[in-house]
Amino acid sequence: LLVARDRLLAKGMAEIAITRAAADGDTTAMAGVIPKGVAELSILGKAPLWARMGVDLNPAAQGTYELPYQSPIVGEKLAELASVTKDTLTPTGTLVKPRRFSAQKVLTLETLASASADYFQKIVDDLNKAADRAITKEVYDKILAGAQTATGGAITKAGFDALRAAAEIEMDGAFFAPRVTFFEAAGIPIDAGSGLFLAKLVEADRGITSDGEDFFFSSLFEDPEDEKYVAYGDPSFIHVADYGMSELIVDKYTLAGKGQIILTFNKLADVALKNPYAFSKTPALDSSAPSN
């Protein structure tokens with residue numbers, strides 16, 4: 001992706017990437033910024049959370065395709081000469097197609113001219129990370145939209161067990177919730193004497209429950225206003241299609257009068273649930289009410 005600055009300045013188009021100067025684009029501060037070089041600055045958060053969840057990844061997606069699903073089929077034990085019951089469900093599905101995840105950065109010509117090669121590479125990494133963060137958000141949105149509501153689901157030990165029971169999976173699953181909800185669960189004891197809590201922090205965006213199952217959380221996971229949810233399911237039923245097409249568009253002209261260049265990063269991908277029956281969620285909980 002890396003190209004020389006002179007080519008960029010001459011032609012106005014290239015696939016590159018950069019980090020932001022401390023006050024990049026702020027004309028009142030540029031005099032103090034440009035001569036002093038640029039320190040590394042990355043977007044908050046780490047490498048894509050969705051990639052560490054154990055999702056079903058198609059790294060070479062092409063075209064448009066459908067992921068069919070239906071409620072689980074259970075076979076029958078039949079008496080001699082008895083007829084098997086035919087499946088009357090019509091499989092439905094979700095359509096997977098290229099969708100654009102984008103991030104944008106504005107640089108001044110002065111910053112661009114004073115930047116090092118490492119500076120360009122770092123911005124590409126950060127813009128790519130920004131697109132991946134949008135995919136992470138989309139994963140939670142799709143889980144929440146498709147999951148089956150577990151009547152007894154709540155941020156309690158019994159409520160977590162109800163979520164486990166409601167998901168149609170055969171292996172261990174994982175829990176998903178916004179960051180603030182995870183830390184609420186981390187403060188709730190499962191009983192009066194064991195000293196165990198509903199959740200425990202393991203790393204920056206992953207915890208485990210008192211039963212040892214993964215609990216993924218993120219500030220990118222967002223519930224509707226005044227509502228609160230915890231979801232549960234098998235992350236391998238989350239399908240991420242990566243179309244292998246990323247580009248950085250360099251626009252020298254739109255803000256030319258201000259001496260600025262717009263960098264727009266596009267990544268083509270899609271997120272879908274292979275089977276929403278593999279996920280459950282709590283009923284809508286009042287976000288202002290503490291759990292019992």
Side-chain angles (χ1 to χ4, degrees), residues 40 42-57 59 125-126 128-144 146-147 150 152-223 227-240 242 271 273-274 278-282 285 287 290-292:
E40 285 194 357
S42 67
I43 297 172
L44 288 175
K46 289 201 236 7
L49 175 59
W50 63 264
R52 304 198 308 275
M53 287 181 180
V55 301
D56 175 51
L57 174 63
D125 294 341
D126 278 353
N128 186 34
K129 186 184 297 184
D132 278 322
R133 283 165 61 83
I135 295 174
T136 295
K137 180 182 184 303
E138 183 76 359
V139 165
Y140 183 72
D141 289 346
K142 288 296 176 66
I143 291 174
L144 210 58
I155 308 178
T156 62
K157 179 63 170 69
F160 274 25
D161 288 342
L163 289 174
R164 293 185 180 100
E168 295 281 358
I169 59 176
E170 297 180 356
M171 304 295 289
D172 287 343
F175 288 83
F176 309 86
R179 184 179 182 86
V180 65
T181 306
F182 168 81
F183 282 103
E184 178 183 335
I188 297 176
I190 65 170
D191 54 35
S194 69
L196 294 175
F197 290 83
L198 201 53
K200 179 176 71 173
L201 182 67
V202 174
E203 50 188 301
D205 43 25
R206 183 179 69 88
I208 57 172
T209 67
S210 58
D211 292 312
E213 288 184 291
D214 282 332
F215 194 148
F216 294 104
F217 63 92
S218 173
S219 58
L220 300 170
F221 295 169
E222 295 181 359
D223 291 335
E227 294 180 10
K228 179 170 57 180
Y229 294 92
V230 175
Y232 175 81
D234 183 346
S236 69
F237 283 91
I238 303 167
H239 182 80
V240 178
D242 185 347
V271 178
L273 294 190
K274 292 171 63 177
F279 293 89
S280 60
K281 65 182 177 183
T282 62
L285 306 173
S287 63
S291 300
N292 295 321

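Throughout, residue positions are numbered sequentially from 1 according to the sequence presented.
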Engineer: Could you tell me whether a side-chain N or O of Lys281 sits under 3.5 Å from a main-chain N or O of Leu144, the two making a donor and an acceptor?
Structural biologist: yes
Engineer: Is there side-chain contact between Ile188 and Ile155, with at least one heavy-atom pair below 4.5 Å?
Structural biologist: yes
Engineer: Hey, could you give me each pair passing side-chain hydrogen bond (donor to acceptor under 3.5 Å, both in side chains) that has a residue in residues 192-202? Not counting sequence neighbours.
Structural biologist: Asp191-Ser194
Engineer: If every non-hydrogen atom of Met53 is compared with every non-hydrogen atom of Val139, which pair is closest and at what distance?
Structural biologist: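 Looking at all heavy atoms of both residues, the closest pair is SD-CG1, 4.1 Å.
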Engineer: With rounding to the nearest 0.5 angstrom, report the CD1 to CD distance, Ile208 to Glu203.
Structural biologist: 11.0 Å
Engineer: So, do Arg206 and Phe182 sit near enough that their side-chain heavy atoms are less than 4.5 Å apart?
Structural biologist: no
Engineer: So does Gly173 get a backbone contact from the side chain of Tyr232, meaning a donor-acceptor N/O pair under 3.5 Å?
Structural biologist: yes
Engineer: Where the side chain of Asp214 meets the backbone of Ala174, is there a donor-acceptor pair that is under 3.5 Å apart?
Structural biologist: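 Not at all, since once roles are kept as given, no pair shorter than 3.5 Å links the two residues.
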Engineer: Return the minimal non-hydrogen interatomic distance between Ala231 and Ile143, and the atom names on each side.
Structural biologist: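 For Ala231 and Ile143, the tightest heavy-atom pair comes out as CB-CG2, 3.7 Å.
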Engineer: Does Arg164 pair with Asp161 as a salt bridge, N-O distance under 4.0 Å?
Structural biologist: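 Salt bridge present between Arg164 and Asp161.
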Engineer: Tell me, please, which residues at least two apart from Tyr140 pass ring-ring contact (aromatic ring centres under 6.0 Å, His included).
Structural biologist: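 Residues passing ring-ring contact (aromatic ring centres under 6.0 Å, His included) with Tyr140: Phe221.
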Engineer: Within the 4.5 Å heavy-atom criterion, are Phe215 and Val202 side-chain neighbours or not?
Structural biologist: no
Engineer: Testing Asp211, Ile190, Val230 for side-chain contact (heavy atoms from CB on, under 4.5 Å) with Phe160, which one passes?
Structural biologist: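 Per the side-chain contact (heavy atoms from CB on, under 4.5 Å) rule, the option paired with Phe160 is Val230, out of Asp211, Ile190, Val230.
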Engineer: Return the minimal non-hydrogen interatomic distance between Phe197 and Pro189, and the atom names on each side.
Structural biologist: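 Scanning both residues, the minimum pair turns out to be CD2-N, 3.6 Å.
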Engineer: Any idea which heavy atoms bring Leu273 and Lys142 closest together, and the distance?
Structural biologist: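 Scanning both residues, the minimum pair turns out to be CD1-O, 3.3 Å.
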Engineer: Can you name the residues that form a ring-ring contact (aromatic ring centres under 6.0 Å, His included) with Phe279, not counting sequence neighbours?
Structural biologist: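 Partners of Phe279 by the ring-ring contact (aromatic ring centres under 6.0 Å, His included) criterion come out as none, since no residue qualifies.
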Engineer: For the residue pair Asp172 and Ile169, what are the closest heavy atoms and their distance?
Structural biologist: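 Asp172 and Ile169 have their closest heavy atoms at C-CD1, 4.2 Å.
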Engineer: I need the Leu57 CG to Ser236 OG distance, nearest 0.5 Å.
Structural biologist: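 Nearest 0.5 Å value for the CG-OG distance: 12.5 Å.
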Engineer: Over 60° means perpendicular and under 30° means parallel, so classify the ring planes of Phe183 and Phe217, tilted if in between.
Structural biologist: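 Rings of Phe217 and Phe183: perpendicular, as their planes differ by over 60°.
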Engineer: Answer yes or no: is there a donor N or O on one side and an acceptor on the other, between the side chain of Thr136 and the main chain of Pro48, under 3.5 Å?
Structural biologist: no
Engineer: Measuring only between side-chain heavy atoms, which start at C-beta, is Asp56 closer than 4.5 Å to Val240?
Structural biologist: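 Not touching, per the 4.5 Å side-chain cut-off.
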Engineer: Looking only at heavy atoms, which two atoms of Leu163 and Ala150 are closest? And how far apart?
Structural biologist: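 Closest heavy-atom pair between Leu163 and Ala150: CD2-CB, 3.9 Å.
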Engineer: CG of Asp141 to CD of Glu222: how many Å apart, nearest 0.5 Å?
Structural biologist: 7.5 Å
Engineer: Going from CG on Leu285 to NZ on Lys228, what distance comes out if it is rounded to the nearest 0.5 angstrom?
Structural biologist: 6.0 Å
